[in-house]
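Taking it in order: structure first as structure tokens, then the write-up.
For the single chain, residues carry numbers from 1 onward in sequence order. All values below were derived from every heavy atom in this structure, side-chain atoms included, with hydrogens, water molecules and symmetry-related copies excluded.
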Amino acid sequence: MVEAQTWTTRRMSNPRLDSTATADHQVLDIPATPTGEDRNSFYSVGSRLSPNLLTALIIASWFMSNIGVLLLNKYLLSFYGYRYPIFLTLLHMISCACYSYVAINFLEIVPRQHILSRKQFLKIFALSVIFCFSVVCGNTSLRYIPVSFNQAIGATTPFFTAIFAFLITCKKESAEVYFALLPVVFGIVLASNSEPLFNLFGFLVCIGSTAGRALKSVVQGILLTSEAEKLHSMNLLLYMAPMAAMILLPFTLYIEGNVASVTLEKARSDSFILFLLLGNATVAYLVNLTNFLVTKHTSALTLQVLGNAKAAMAAFVSVMVFRNPVTLMGMTGFAVTVMGVVLYSEAKKRSKVTTH
């Protein structure tokens, strides 16, 4: 739920209509806010918890959903033998579209926003194409490389963001910011050279996923710049997810043509596959929901810091679960990359303070 706009005269605080009302205190005819009994139960549950406890539960849910979707994807694509990353991504998009519709239209987590023009629709469609590319590449990479290596590569997102920002918008950062990116690159080179389960194709598609994620953030900042076109993250997901599903459908039919028959055959012999797919798709939506909730209850900076911690925790948990071999040099490279991301974040903060 986004914060309400600030009014000079707030709801339920209008001065009474009497002779003392003046032009300086104009009465606004605003409907009264619904009482707690009329509000959705989604909010009443949170209101019974202390703010600190609620924030802690949201952060814990964020960690579990982010790490959970990685582990489920890895298990399905590498260990269970379900080798259909495009169809799996298609299920994610359908799940995000359905859950987003319920969350916005029935639970009213955020106010519903509408696409106002054909131009805005085309901009969102362009973002959906990049979104598809990034998610499909990320899921595909988990077929070939360990989660720990996947997260090490994913930590280099700031490097690609800086590159795309310079190439597309000609935005230049300070020397300190660019210098902070050096350990990000050095760390991933170190981790790649010492990765026991290194796979070139998996490495390349994971790089593609990371670059796509960075490109989407830069392009989104360019395309949806006007106040009329800006969409809340949950509304943007509501529109992007079905577009992404429509984009992915012909690709999964062409590349993974027998995926429907294989899935039905597996379901007949092992119904657990249906639970895995449904659970995986649900957790994929929870990643987006908890991203929003963490930002709402803390800040975007906190989400960035948690992202660094999540990468390290996901790598550790995956090693414990899947027992993939790691080397001291690989762990050192990962640590150097994460440290570089932290230095980059601090340099960006100082750079913003200086420019303002």
Counting C-beta onward and ignoring hydrogens, is there a side-chain heavy-atom pair between [X] and [Y] closer than 4.5 Å?
{"X": "F198", "Y": "I145", "value": "no"}
{"X": "T290", "Y": "F63", "value": "no"}
{"X": "I207", "Y": "F203", "value": "yes"}
{"X": "V262", "Y": "N258", "value": "yes"}
{"X": "F316", "Y": "V326", "value": "no"}
{"X": "F149", "Y": "L197", "value": "no"}
{"X": "S148", "Y": "N324", "value": "yes"}
{"X": "I104", "Y": "Q113", "value": "no"}

Applying side-chain contact (heavy atoms from CB on, under 4.5 Å) to V147 and I67, what does each step give before you reach the verdict?
CA-CA 10 Å; V147 172; I67 296 174; over 6 Å; no

Ring geometry between H232 and F292 (parallel below 30°, tilted from 30 to 60°, perpendicular above 60°)
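Judged by the thresholds at 30° and 60°, the geometry between F292 and H232 is perpendicular.
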
Tell me whether the rings of F121 and F125 are parallel (<30°), tilted (30 to 60°) or perpendicular (>60°).
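Ring orientation, 0 to 90° scale: parallel.
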
Nearest 0.5 angstrom please: [X] [atom1] to [Y] [atom2], how far?
{"X": "K123", "Y": "Q220", "atom1": "NZ", "atom2": "CD", "answer": "12.0 Å"}
{"X": "I153", "Y": "T210", "atom1": "CD1", "atom2": "OG1", "answer": "6.5 Å"}
{"X": "L236", "Y": "I115", "atom1": "CG", "atom2": "CD1", "answer": "9.0 Å"}
{"X": "L223", "Y": "K216", "atom1": "CG", "atom2": "NZ", "answer": "11.0 Å"}
{"X": "L181", "Y": "F160", "atom1": "CG", "atom2": "CZ", "answer": "11.0 Å"}

Under a 4.0 Å N-O cut-off, is there an ion pair linking R83 with E256?
no

Is there a side chain to side chain donor-acceptor pair (under 3.5 Å) between Y82 and T263? Walk through the geometry before answering.
CA-CA 8 Å; Y82 194 79; T263 303; 2.7 Å; yes

Run the numbers on D270 and Y80 for side chain to side chain donor-acceptor pair (under 3.5 Å), then give the verdict.
CA-CA 11 Å; D270 182 13; Y80 192 82; 2.7 Å; yes

Can a side-chain donor-acceptor contact be found between T282 and Y99 if the only test is distance below 3.5 angstrom?
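Yes, a side-chain donor-acceptor pair sits under 3.5 Å.
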
For the hydrophobic clusters of this structure (ILVMFWY residues joined by side-chain heavy atoms under 4.5 Å, transitively), does one cluster hold both L53 and M64?
no

I'd like to know whether L70 forms a side-chain contact (heavy atoms from CB on, under 4.5 Å) with Q151, so could you lay out the CA-CA distance, the side-chain angles of the two residues, the decisive distance to 0.1 Å, and finally the verdict.
CA-CA 10 Å; L70 283 169; Q151 290 299 285; 3.3 Å; yes

Closest heavy-atom contact between S128 and A244?
CB-N, 4.2 Å

Given side-chain contact (heavy atoms from CB on, under 4.5 Å), test R118 with L122 step by step and report yes or no.
CA-CA 6 Å; R118 181 172 178 271; L122 292 176; 4.0 Å; yes

Take Y144 and L77 through the test side-chain contact (heavy atoms from CB on, under 4.5 Å) and record every step on the way to the result.
CA-CA 9 Å; Y144 302 96; L77 296 168; over 6 Å; no

